[in-house]
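Small disclaimer: the values here were computed from a predicted structure and weren't measured.
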Amino acid sequence: QVQLVESGGGSVQAGGSLRLSCAASRSSIRFTCMAWFRQAPGKEREGVASIYSDGDYTRDGTYYADSVKNRFTISRHTANNTLYLEMNSLKPEDTALYYCAAAWDYCYNPPARSMSYWGQGTQVTVVS
C-alpha cells in the first residue's frame, strides 16, 4: 500500500502560475510511471501529463495533453521522488481537481484505469 499526497493547489487569477507537488508516503519508492489527471464538475477525468523513466532511458519521456502543451511542465525530483506539475498561463478552463497517479508499467498518456496508486486530489481554481 502506497499513499500519494498532492499539494500546491489554490485559487489564482487567469494568467497566473501554480506548482503542484505529489509525494509518495515512502520517498525511497521510485515509480516508473507517474501522471497528472484532472476532473472538472460534470466532465470526465482526463489525463494532463505523464512522465516515464525506468533507468533504461530508451523509453523515457513525457506526454502533455494538447490543452496544456507549452503551458504545463511535468517533472520529478530524483532525490525524494516527488512529482511536480508546473502550471503557467493558467486559464479558467484549467479549473479542476487535480490528481497525481503512479504505476509500475510503461506509460505514455496512460488511461486512468491503468494507474495503480492515486492521491486524493488538490483543487485548482482559475478565475478571470
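Atom CD of E93 is surrounded by more than 12 heavy atoms from other residues, nucleotides or ligands within 6.0 Å.
Within the model, atoms CD of E46 and CD of Q39 stand 9.5 Å from one another, a figure rounded to the nearest 0.5 Å. Here T122 contributes atom OG1 and Y99 contributes atom OH; the two are 10.5 Å apart, rounded to the nearest 0.5 Å. For the atom pair CG of L83 and SG of C100, the computed distance is 6.5 Å after rounding to the nearest 0.5 Å. We find the CG-CZ distance between L90 and R71 to be 6.5 Å, quoted to the nearest 0.5 Å. One distance of note links CE of M87 with OG1 of T73; it measures 11.0 Å at 0.5 Å rounding. Residue T125 holds its OG1 atom at 9.5 Å from CG of L97, rounded to the nearest 0.5 Å.
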> Can you list the steps and then say if S67 with K91 is a side chain to side chain contact (heavy atoms under 4.5 Å, CB included)?
Replying inline: CA-CA 10 Å; S67 59; K91 305 174 180 179; over 6 Å; no

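In this structure, the side chain to side chain donor-acceptor pair (under 3.5 Å) partners of T58, at least two apart in sequence or on a different chain, are D56. For D105, the side chain to side chain donor-acceptor pair (under 3.5 Å) criterion is met by no residue, not counting sequence neighbours. Applying the side chain to side chain donor-acceptor pair (under 3.5 Å) criterion to D60, with sequence neighbours excluded, gives no partner residue. Under the side chain to side chain donor-acceptor pair (under 3.5 Å) criterion, T82 pairs with N80, not counting sequence neighbours.
Y84 and V68 fall into different hydrophobic clusters, where Ile, Leu, Val, Met, Phe, Trp and Tyr are joined by side-chain heavy atoms under 4.5 Å apart, directly or via other members.
Between W118 and F37, the ring-plane angle classifies as tilted under the 30° and 60° cut-offs. The aromatic rings of F72 and Y98 sit tilted, their planes meeting at an angle between 30° and 60°.
Here the closest non-hydrogen pair linking D94 and S89 is OD2-O, 4.5 Å.
Checked by atom type and distance alone, the side chain of Q120 never pairs as donor or acceptor with a backbone atom of E6 at under 3.5 Å. At distances below 3.5 Å, at least one donor-acceptor pair connects side-chain atoms of R76 with backbone N or O atoms of F31.
Between D66 and K69, at least one side-chain nitrogen of the basic residue sits less than 4.0 Å from a carboxylate oxygen of the acidic one, meeting the salt-bridge criterion.
Residues N81 and M34 are not in side-chain contact: their nearest non-hydrogen atoms beyond the backbone lie 4.5 Å or more apart. Between Y64 and I74, the closest side-chain pair of non-hydrogen atoms falls below 4.5 Å.
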Side-chain donor-acceptor contacts of residues 9-21 below 3.5 Å, not counting sequence neighbours, with atom names and distances?
unit_1, atom_1, unit_2, atom_2, d
S17, OG, N88, OD1, 2.8

List, one per line, each side-chain donor-acceptor pair under 3.5 Å for residues 106-117, sequence neighbours excluded.
unit_1, atom_1, unit_2, atom_2, d
S114, OG, P111, O, 2.8

